[in-house]
A.B. asks: 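Have a look at the structure that comes next, please.
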Amino acid sequence: MGVYDFQRIEQKWQQHWAAAGAYRVSNDPSRPKYYVLDMFPYPSGSGLHVGHPLGYIASDIFSRYKRLKGFNVLHPMGYDAFGLPAEQYALEHGVHPAVSTAENIRNFRRQLDHIGFSYDWDREVRTCEPDYYRWTQWIFLQLFDSWYNRRTGRAARIGELEAIFAAEGNAQHECPGDRSLRFTAAGWEGMDEAARRHVLMQYRLAYLDYAEVWWCEGLGTVLANDEVINGVSERGGFPVERKRMRQWFLRITEYADRLLEGLDRVEFSESLKEMQRNWIGKSYGAEIDFAIQGRSETLRVYTTRPDTIFGVDFMVLAPEHALVSAITTPEQQAEVEAYLAYVRSRSELERMSEKKISGCFTGAYALNPFDGRAIPIWIAEYVLAGYGTGAIMAVPCGDERDFAFARHFSLPITNILGGQYDGTAANPTKEGVLHHSGFITGMPMPEAIEAVISRLEAEGRGQRRINYKMRDAGFSRQRYWGEPFPIVYRDEVAYPLPESELPLMLPEVERYATGPEGQGPLANLTDWMRLPDGSLREPNTMPGYAGSSWYFLRYMDPHNAGAFCSREASDYWGQVDLYVGGTEHAVGHLLYSRMWTKALFDLGYIGFDEPFKKLVNQGKIGGDSRLVYRIRGTNTFVSAGLKDTYETDELHADVRLVTGLELDTEAFRNWRAEYAGAEFILEDGVYRCGARLEKMGKRYFNAVNPDDVVAQYGADTFRMYEMFLGPLETDKPWDTQGITGVHSFLRRAWGLFYSEQGEWLVTDDEPSPEELRLLHQTIKKVEEGIERLSFNTCVPAYMVLARELARLGCRKRAILEPFLVLLSPFAPHFAEELWQQFHPGGSVLTAAFPQWSEELVAEESIEYPVQINGKVRARVQAPAAAAPAEVEALAMADAAVQHWLEGKQPKKVIVVPGRIVNVVV
RNA sequence: GCCCGGAUGGCGGAAUCGGUAGACGCGUUGGUCUCAAAAACCAAUAGGUUAACUCCUGUGCCGGUUCGAGUCCGGCUCCGGGCACCA
């Protein structure tokens with residue numbers, strides 16, 4: 001009892017909390033709620049290193065603090081358990097993903113439990129459990145059964161759309177899948193079931209479409225862009241081809257504007273909002289129709305700069321553009337075909353990374369809609385088929401890419417910028433006046449943009465248009481370990497599975513190999529694939545982000561067998577008040593979950609349309625690697641200081657074999673078989689390692705396991721130290737040495753309560769004003785620190801208080817009891833153990849966070865620095881309540897001040913109450 | 001190239017509203033204790049200057065606003081992150 005026996009204490013309280021269900025939380029509408037969420041982990045096989053729990057610790061501290069402040073806090077944890085790594089492990093080792101995933105989860109849980117988190121484990125979710133993915137499938141069906149009504153700006157039921165079609169056709173509701181699709185009520189009436197379903201599919205929020213993928217016959221699989229090099233597969237060198245395959249998509253593009261607008265209503269970091277805005281990539285411009293010389297077709301382009309239309313010197317089509325074959329002249333035929341063959345051989349990845357200037361003239365000419373000038377039409381891979389109309393008007397004097405292209409092919413360049421264009425580089429300015437530009441000559445550019453669009457619209461040659469970079473999200477994976485689609489196909493038409501048949505269970509498979517035609521492994525299960533009535537199942541599965549797009553809702557009502565989450569529960573818990581996680585999900589998970597939330601809101605299932613009110617991105621903890629230097633071709637290692645005299649190879653040594661920089665050479669020999677016979681060239685009798693900061697991870701042998709740290713110093717020290725390392729949001733290196741400072745703070749704090757002999761030292765004496773002031777200053781600092789998530793500034797506040805109390809010999813209950821409450825979010829086991837002495841059978845978890853009082857925080861007297869002409873020359877004491885005039889009088893009477901004034905009269909004296917006296921001479 | 005961040009002792013960092021720069025911890029140095037070492041405890045620790053009291057310089061660089069700038073404004077440099085043929 002005398003010394004701080006953290007091992008005994010922590011084990012005792014972790015067991016006690018678990019047994020008592022101390023962190024169980026109920027949906028209690030009579031109490032104010034607060035929802036603190038961590039991004040749930042993917043349970044990988046390698047377990048946690050000290051970088052992983054950083055965000056979990058921060059959110060745990062905040063949760064505990066909010067509980068002490070009287071909130072009913074929802075603080076859950078679960079696992080994002082479907083995904084690729086488990087399936088690859090299955091392929092290589094034959095272990096069922098469910099088995100390896102369960103094993104990994106057990107290991108994660110064991111590690112988490114040692115750190116003393118306050119999760120309500122009764123609410124745990126696992127995305128791979130049928131009770132969970134049943135609702136992932138159900139939400140997918142809601143998206144399938146919905147369309148986005150652009151007139152009301154929200155999703156609605158597909159049945160409503162059918163009624164509209166029957167009444168008036170689609171004139172009021174442009175088809176997002178095919179803008180040219182037009183039909184009347186009579187047209188709808190005339191369609192058969194399959195045709196109608198086909199039309200509806202092009203409106204659905206979850207829809208089926210054909211999309212191009214790389215198909216490799218030799219491997220019998222679809223390959224990702226990065227697996228294709230120079231037209232052959234990276235593995236095996238088999239040829240690949242573009243193949244259109246049926247894939248599911250989410251129509252997230254319909255939500256682009258609301259995803260942008262919603263960012264103004266949430267507290268995310270500016271950089272993260274910017275990432276999302278860039279990803280969505282909204283741009284304002286116009287579509288313009290160019291006539292093609294001698295042909296009836298028109299060429300439609302998208303541009304953000306319609307004002308530069310008189311500077312168009314050539315047109316460029318994407319190689320995949322539908323008009324290419326039609327407009328190519330016989331003379332250019334051979335050249336165009338050769339170019340298309342070249343483009344087809346290049347992967348998307350190469351196309352984007354190499355950025356070669358390449359292209360080919362089609363022989364055709366477009367006509368400028370205003371001055372009728374004939375403009376050559378080229379094809380080039382720098383124009384992307386998937387953006388805008390897949391065709392551009394090139395203005396080389398104003399666009400860098402067009403300029404480079406014109407230079408490369410020696411095309412003439414028209415100057416519409418006057419003196420703003422010098423002929424050596426394009427000038428993309430939007431501030432200037434147009435030259436040689438017909439009816440807009442002399443007009444400022446922003447004005448000209450409007451003038452051109454108005455005229456185009458009046459003449460029916462173009463229209464205002466907004467474009468987005470964001471594409472609809474691919475939702476099919478040719479994989480096994482994911483949610484099966486609750487869909488059946490009859491005559492190639494997709495129908496939803498009835499709700500009563502959910503969940504559609506993921507069937508067992510013998511092997512995880514890809515199915516025929518690039519389909520998922522499920523396609524190998526012919527019995528499962530074909531239903532008794534002859535309809536077919538969907539062989540692919542949903543992507544990893546399906547389950548993670550709504551998990552924060554399930555925590556609110558995790559055992560509900562009748563709904564994904566009752567409206568009652570989601571109305572009570574509402575938005576996640578604080579969401580903590582890494583930036584790696586900036587444009588994936590965080591966009592998808594925002595979209596799903598908006599769709600569920602539109603359909604009336606929840607009452608809010610942004611899932612996360614405030615988001616904090618914790619920084620990464622870097623690893624401090626240790627390097628050893630092996631003389632090339634030998635098994636002899638040379639100490640860092642002497643390495644330059646030899647030719648060496650740098651290798652990583654496990655950080656656990658090194659103290660400071662000194663290598664335990666014996667342990668190093670035993671570490672791995674290849675080093676068993678290692679020899680060492682020492683300096684000053686020791687082997688010194690080199691050091692480098694890099695990512696913490698297995699491959700650098702610099703990962704520090706929290707289990708080891710907790711075993712040596714305890715969970716409370718570990719928690720405090722992780723916070724003490726620096727601001728939550730910045731990247732910072734791990735330094736195992738530094739932990740002793742925090743650990744000895746806890747030991748000293750323990751010493752305030754117990755003597756070394758184990759006597760309880762706390763008294764019931766009245767605290768002195770100084771002691772009260774110290775306490776209240778600390779309460780204030782800690783409260784303010786936690787509120788603005790500056791956990792790193794709280795730890796020094798505790799340290800100063802403990803030091804000062806020790807100095808004063810203060811062991812008074814009136815001070816130490818609130819100190820324990822203050823400390824409990826950071827060091828819960830420590831606080832709980834000592835709290836027992838004050839409240840046997842009670843718990844610090846249910847205490848109230850102490851209030852600080854302005855009166856007690858205030859000093860009796862304040863020391864004012866006195867600046868004379870900007871330099872601090874003296875300090876004077878003044879009563880805290882002194883008015884500025886009194887402080888000034890006291891300062892002027894001070895001998896040191898008079899000395900510095902050298903008899904001169906001050907011109908001006910500024911007294912900032914409580915702060916400073918400034919004298920200008 | 002574009003868009004966001006950031007730069008403070010030997011190191012991690014603090015300074016919340018424009019008001020004593022360097023809290024707190026690590027490391028280092030010295031001391032106490034010890035046969036010795038470790039641990040623990042105490043003291044010093046931005047740089048320069050001084051026997052000392054002092055004084056000067058100092059928050060990436062240049063300039064500005066202000067009685068007063070790490071903090072605000074203008075112009076750079078470097079580092080980190082994101083996006084990248086999106087017309």
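First the proteins, then the strands, lettered A, B, ... as listed; each starts at 1. All heavy atoms count here, side chains included; hydrogens, waters and symmetry mates do not. All values derive from a computational prediction rather than experimental measurement.
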A.B. asks: Which pairs, with at least one residue in residues 309-318 of chain A and sequence neighbours excluded, count as a salt bridge (charged side-chain N to carboxylate O under 4.0 Å, His left out)?
C.D. replies: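 Output for this query lists A:D313-A:R373.
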
A.B. asks: Any chance the side chains of A:S358 and A:Y339 put a donor and an acceptor closer than 3.5 Å?
C.D. replies: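 On atom types as modelled, these side chains qualify, holding a pair under 3.5 Å.
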
A.B. asks: Would you list the atom pairs, donor with acceptor, under 3.5 Å between side chains in residues 717-725 of chain A and any protein atom, with sequence neighbours excluded?
C.D. replies:
unit_1: A:T717; atom_1: OG1; unit_2: A:Y713; atom_2: O; d: 3.1
unit_1: A:T717; atom_1: OG1; unit_2: A:H743; atom_2: ND1; d: 2.9
unit_1: A:R719; atom_1: NE; unit_2: A:F826; atom_2: O; d: 2.9
unit_1: A:R719; atom_1: NH1; unit_2: A:D60; atom_2: OD2; d: 3.0
unit_1: A:R719; atom_1: NH1; unit_2: A:I115; atom_2: O; d: 3.3
unit_1: A:R719; atom_1: NH1; unit_2: A:G116; atom_2: O; d: 3.0
unit_1: A:R719; atom_1: NH2; unit_2: A:D60; atom_2: OD2; d: 2.8
unit_1: A:R719; atom_1: NH2; unit_2: A:P825; atom_2: O; d: 2.7
unit_1: A:Y721; atom_1: OH; unit_2: A:D735; atom_2: O; d: 2.5
unit_1: A:E722; atom_1: OE1; unit_2: A:L54; atom_2: N; d: 3.4

A.B. asks: If we take the P atom in both B:A21 and B:U57, what is their distance in whole Å?
C.D. replies: 13 Å

A.B. asks: Taking the minimum atom-to-atom distance to the side chain of A:E270, which one of B:C26, B:C24, B:G5 wins?
C.D. replies: B:G5

A.B. asks: Please pick, from B:A40, B:G25, B:A87, the nucleotide with the shortest atom-to-atom distance to any side-chain atom of A:L384.
C.D. replies: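 Side chain of A:L384 sits closest to B:A87.
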
A.B. asks: Hey, can you pull the donor-acceptor pairs under 3.5 Å for the side chains in residues 268-275 of chain A, sequence neighbours left out?
C.D. replies:
unit_1: A:S269; atom_1: OG; unit_2: A:S271; atom_2: OG; d: 3.4
unit_1: A:S269; atom_1: OG; unit_2: A:L272; atom_2: N; d: 3.2
unit_1: A:E270; atom_1: OE2; unit_2: A:R277; atom_2: NH1; d: 3.4
unit_1: A:K273; atom_1: NZ; unit_2: A:L263; atom_2: O; d: 2.9
unit_1: A:K273; atom_1: NZ; unit_2: A:V266; atom_2: O; d: 2.9
unit_1: A:E274; atom_1: OE1; unit_2: A:R277; atom_2: NH1; d: 3.1

A.B. asks: Summarise how protein sits on nucleotides 10-21 of chain B as a single string, 5' to 3': B when a protein heavy atom is under 4.0 Å from the base, S for sugar-phosphate-only contact, - for no contact.
C.D. replies: --BSSSB--BB-

A.B. asks: Quantified in whole Å, what is the P atom distance between nucleotide B:A51 and nucleotide B:C67?
C.D. replies: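 B:A51 and B:C67 have their P atoms separated by 40 Å.
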
A.B. asks: Answer syn or anti for B:G9, where the cut-off is 90° from 0 on the glycosidic torsion.
C.D. replies: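 Classified syn.
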
A.B. asks: Out of B:G25, B:C67, B:A87, which nucleotide sits closest to the side chain of A:I392?
C.D. replies: B:A87

A.B. asks: Dot-bracket for RNA chain B, 5' to 3', with Watson-Crick and G-U pairs under 3.5 Å, [ ] for crossing pairs and | for other-strand pairs: what is it?
C.D. replies: (((((((..(((......[....)))((((((.......))))))(((......)))..(((((..]....))))))))))))....

A.B. asks: Under 3.5 Å, is there a donor-acceptor pair linking the side chains of A:T253 and A:D472?
C.D. replies: yes

A.B. asks: For the side chain of A:S283, counting heavy atoms from C-beta on, which of B:A87, B:C26, B:C3 is nearest?
C.D. replies: B:A87

A.B. asks: Using the C1' atom as the reference point in each nucleotide, state the distance between B:C72 and B:U59 in Å, no decimals.
C.D. replies: 16 Å

A.B. asks: Using residues 388-398 of chain A as the side-chain source, report each donor-acceptor pair under 3.5 Å to any protein atom, sequence neighbours left out, with the distance given to one decimal.
C.D. replies:
unit_1: A:T389; atom_1: OG1; unit_2: A:R300; atom_2: O; d: 2.7
unit_1: A:T389; atom_1: OG1; unit_2: A:A391; atom_2: N; d: 3.4
unit_1: A:T389; atom_1: OG1; unit_2: A:A391; atom_2: O; d: 3.3

